Structure formats: structure tokens, C-alpha cells
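Reading through the C-alpha cells given below for one structure.
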Amino acid sequence: HRDLHLSLRRQRQMCIRDSKEWLSSNEAASQIGITQRTLYRFIDEGRLPGYRIGRVIRLRQLDVQEFLEECLVKPGELKHLYPDSEQINE
């Protein structure tokens with residue numbers, strides 16, 4: 001029974017390793033443009049799903065893409081970061 005469990009575990013790890021669907025934490029952090037430490041914080045805070053596979057953390061490419069889409073800044077959301085030109089001219 002234990003050997004079957006280990007065999008299934010190895011097969012899952014091989015599928016994950018060979019698939020483009022999955023990213024290492026280093027690859028995901030690089031793709032997003034953040035440090036691994038920040039990536040782990042985002043996972044821990046529930047902002048980004050992460051999966052522990054054995055001793056490593058993996059992320060689904062789809063989850064990373066969805067996270068990036070949610071981070072998209074919409075027009076008008078940054079007005080508080082720059083002075084209003086009308087107030088300067090008054």
C-alpha cells in the first residue's frame with residue numbers, strides 16, 4: 001500500500017514537473033516581477049493560490065495570469081497619487 005502511494009506521488013510530481021501548466025515559485029515570482037519572499041507572502045495571505053508538492057511550492061500558470069489581471073490598474077484609480085492640475089493653476 002505504501003509503495004503504491006509513493007508511486008502515485010512520484011507520477012503526480014513528474015506530471016507537474018513536465019507540464020507548462022505549473023510554475024515553480026521562482027518562475028512565478030519572476031513572471032510577476034516580485035521577489036520569492038513577496039510571492040510566499042501573497043500565497044500565505046490568500047491573494048494567490050499555491051500548492052505544496054512534496055517540499056516545493058508550485059503555482060498554476062492560470063492562477064498567476066488571473067492574479068495579474070486582478071492587479072490591472074483601471075483608469076482613474078491613481079488620481080490620489082498625483083496633484084490635480086486644476087488645483088495647481090488656482
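The figures here come from the full heavy-atom set of this structure, side chains too, leaving out hydrogens, waters and symmetry mates. These numbers were taken from a predicted model, which means no experiment stands behind them.
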message = Do Leu23 and Leu62 land in one hydrophobic cluster if side-chain heavy atoms of ILVMFWY residues count as linked below 4.5 Å?
response = no
query = Which distance, rounded to the nearest 0.5 Å, do you find between the CG of Leu59 and the CD of Glu21?
reply = 11.5 Å
task = Taking side-chain hydrogen bond (donor to acceptor under 3.5 Å, both in side chains) as the test, write out the residues that go with Ser30, two or more places apart.
result = none
message = To check you understand the geometry: which heavy-atom pair defines the closest contact between Gln36 and Asn26, and what is its length?
response = NE2-N, 3.5 Å
key: Derivation of the side-chain contact (heavy atoms from CB on, under 4.5 Å) call for Arg58 and Ser24   = CA-CA 5 Å; Arg58 297 282 185 227; Ser24 69; 3.0 Å; yes
request  = Under the salt bridge (Lys or Arg N to Asp or Glu O under 4.0 Å) rule, collect the residues that match up with Glu77, sequence neighbours excluded.
outcome  = none
ask   = What pairs meet the salt bridge (Lys or Arg N to Asp or Glu O under 4.0 Å) rule with one or both residues in residues 25-41, with sequence neighbours excluded?
value = Arg41-Glu45
ask   = Partners of Tyr51 by side-chain hydrogen bond (donor to acceptor under 3.5 Å, both in side chains), sequence neighbours excluded?
value = none
inquiry  = According to a hydrophobic-cluster definition based on side-chain heavy atoms being under 4.5 Å apart (Ile, Leu, Val, Met, Phe, Trp, Tyr only), do Tyr40 and Leu68 belong together?
reply    = yes
ask   = For residues 60-83, which residue pairs qualify under ring-ring contact (aromatic ring centres under 6.0 Å, His included), counting only residues two or more places apart or in two chains?
value = Phe42-Phe67
query = Got a sec, which pairs hit side-chain hydrogen bond (donor to acceptor under 3.5 Å, both in side chains) with one end in residues 61-75, sequence neighbours left out?
reply = Gln31-Gln61, Arg60-Asp63, Gln61-Gln65
key: Spatial distance of atom CG (Leu48) from atom OG1 (Thr38) [nearest 0.5 Å]   = 11.5 Å
